[in-house]
Amino acid sequence: MAAAPVEACRLALVLAIDVSSSVDANEDQLQRSGLAAALLSPEVESAFFSSPDPVAIQIFEWSGQRNQTDLLGWTLIRSPADLLVAANTLAQTKRSIDDMPTAMGYALGYASIKLKEAPACLFQTIDIAGDGINNDGFAPSVTYAAFPFEGVIVNGLVITGSDTAVQSYYETQVIRGPTAFVEVANGFDDFENAMRRKLVRELTAQIIGRAVTSEGTRG
C-alpha cells in the first residue's frame, strides 16, 4: 500500500496542561472539563473540519521534571465522533500527582518527543497551558537548544492569578515560531473560553496561511 501524503494530515497538535502544586483540585478539574468542553464546542468542531485534511491531537499533563503523563494518545480526528471520543476520554482522566513544581523546560522536551511519534502532518504545534513560570530544572530556552524544534510552533495559554509576570514570561521565554501567540484565561473559571479561542486560532492558522500563499503566487 502506498504511503499517505503528508498533506493527508494538516496539523499534529500537542496539548499540555499544568498540574503543578500551584493548581488545586478544583482548578485541575476546571482545566480537564474545560478542555473537553472546548473540543466539543461548535466553533472548535467547525475549525477541526474546516479542511478535508484531518488533525491529529495528543494530550498530556505536566508538573515536575519527571512528571508527564499522557491523557490521550495520538488520535486522528476524522469525524465529530472521533472528537467526541477524545473529549470523553480526557474528561474521564484523573490527576496523576499534585505536589510537584513547575518544570516547563522538561514539559516542552516531552512534547517534542511526542511530536516525533506523531502521524505525518504538514504542520506541528505545541499548546502549553499554565499558571506559573518555570521553577524546576532547565529553562525553555535550554530545551529549544537541545531538542528538535525546527518548524514547530509553540503557543501558550496563561492562566492569570496573583503573579502578573506569568504572561510576560510566556511571551518572552515560552512561545516559539513566527505565528506563535499567547492566549489569556482570566483565572481557571475562564479556561474553557480561552482554550476555545486558542484552538480555533490554531486549527485555522494553516488554512489561512495556505490561502495567503496561494493568493501571493498567482500571476
Closest non-hydrogen atom pair between G109 and T143, with its separation | N-CG2, 3.4 Å
Backbone N/O of N193 and side chain of D190: donor-acceptor pair under 3.5 Å = no
Side chain to side chain contact (heavy atoms under 4.5 Å, CB included) assessment of D82 paired with L76 | CA-CA 8 Å; D82 294 332; L76 203 58; over 6 Å; no
Without hydrogens or angle criteria, can the side chains of D70 and Y110 be said to hold a donor-acceptor pair below 3.5 Å?
-> yes
I17 reachable from L30 in the ILVMFWY side-chain graph, under 4.5 Å edges = yes
Work out which heavy atom in V166 is nearest to a heavy atom in D131; give both atom names and the distance.
-> CG2-O, 3.6 Å
What heavy-atom pair brings L203 and R10 nearest, and what distance separates the two atoms?
-> O-NH2, 3.2 Å
Between the main-chain N or O of F49 and the side-chain N or O of S51, is there a donor-acceptor pair closer than 3.5 Å?
-> no
Minimum heavy-atom separation for W74 to K114, with atom names?
-> NE1-O, 2.9 Å
Going by heavy atoms in the side chains, are F60 and S96 under 4.5 Å from each other?
-> no
Does the side chain to side chain contact (heavy atoms under 4.5 Å, CB included) test come out yes or no for F188 and Q29, once each step is laid out?
-> CA-CA 9 Å; F188 284 88; Q29 187 55 42; over 6 Å; no
For M104 and Y170, what are the C-alpha separation, side-chain angles and deciding distance, and is it a side chain to side chain contact (heavy atoms under 4.5 Å, CB included)?
-> CA-CA 11 Å; M104 193 177 299; Y170 266 72; 3.6 Å; yes
Quickly, which of L11, V200, L39 forms a side-chain contact (heavy atoms from CB on, under 4.5 Å) with F48? Name it, please.
-> L39
Only one of Q31, R95, R32 passes side chain to side chain donor-acceptor pair (under 3.5 Å) with E61; say which it is.
-> R32
Can you name the one residue among I57, L15, L72, L35 that meets side-chain contact (heavy atoms from CB on, under 4.5 Å) with L90?
-> L35
Any side-chain heavy-atom pair of P178 and I153 under 4.5 Å = yes
Is the side chain of T89 donor-acceptor paired with the backbone N or O of V85 at a distance under 3.5 Å, no angle test?
-> yes
Do W62 side-chain atoms and L108 backbone N/O form a donor-acceptor pair below 3.5 Å?
-> no
At their closest point, which heavy atom of P101 faces which heavy atom of S20, and how far apart are they?
-> O-CB, 3.4 Å
Transitive ILVMFWY side-chain link V14 to V182, under 4.5 Å = yes
Regarding R176 and the six-membered ring of Y144, is the cationic atom NZ or CZ under 6.0 Å from the ring centre and inside 45° of its axis?
-> yes
Say you draw a straight line from CG of L83 to CZ of R78; how long is it, rounded to the nearest 0.5 Å?
-> 14.0 Å
D136 side-chain N/O to G64 backbone N/O, donor-acceptor pair under 3.5 Å | no
Are the side chain of N67 and the backbone of S63 linked by a donor-acceptor contact shorter than 3.5 Å?
-> no
Quick one: do Y106 and I59 end up in the same hydrophobic cluster if we chain Ile, Leu, Val, Met, Phe, Trp and Tyr together by side-chain heavy atoms under 4.5 Å apart?
-> no
Determine, step by step, whether L13 and L199 satisfy the side chain to side chain contact (heavy atoms under 4.5 Å, CB included) criterion, reporting the C-alpha distance in whole Å, the side-chain angles of both residues, the deciding distance to 0.1 Å, and the verdict.
-> CA-CA 10 Å; L13 177 61; L199 285 170; 3.9 Å; yes
Establish whether I175 and L157 are linked, either directly or via other cluster members, by ILVMFWY side-chain heavy-atom contacts under 4.5 Å.
-> no
A118 to A12 - nearest heavy-atom pair and separation | CB-CB, 4.0 Å
Short N-O contact, R196 and E43, less than 4.0 angstrom | yes
Answer yes if L71 and I77 sit in the same cluster of Ile, Leu, Val, Met, Phe, Trp and Tyr residues linked by side chain heavy atoms under 4.5 Å apart, and no otherwise.
-> yes
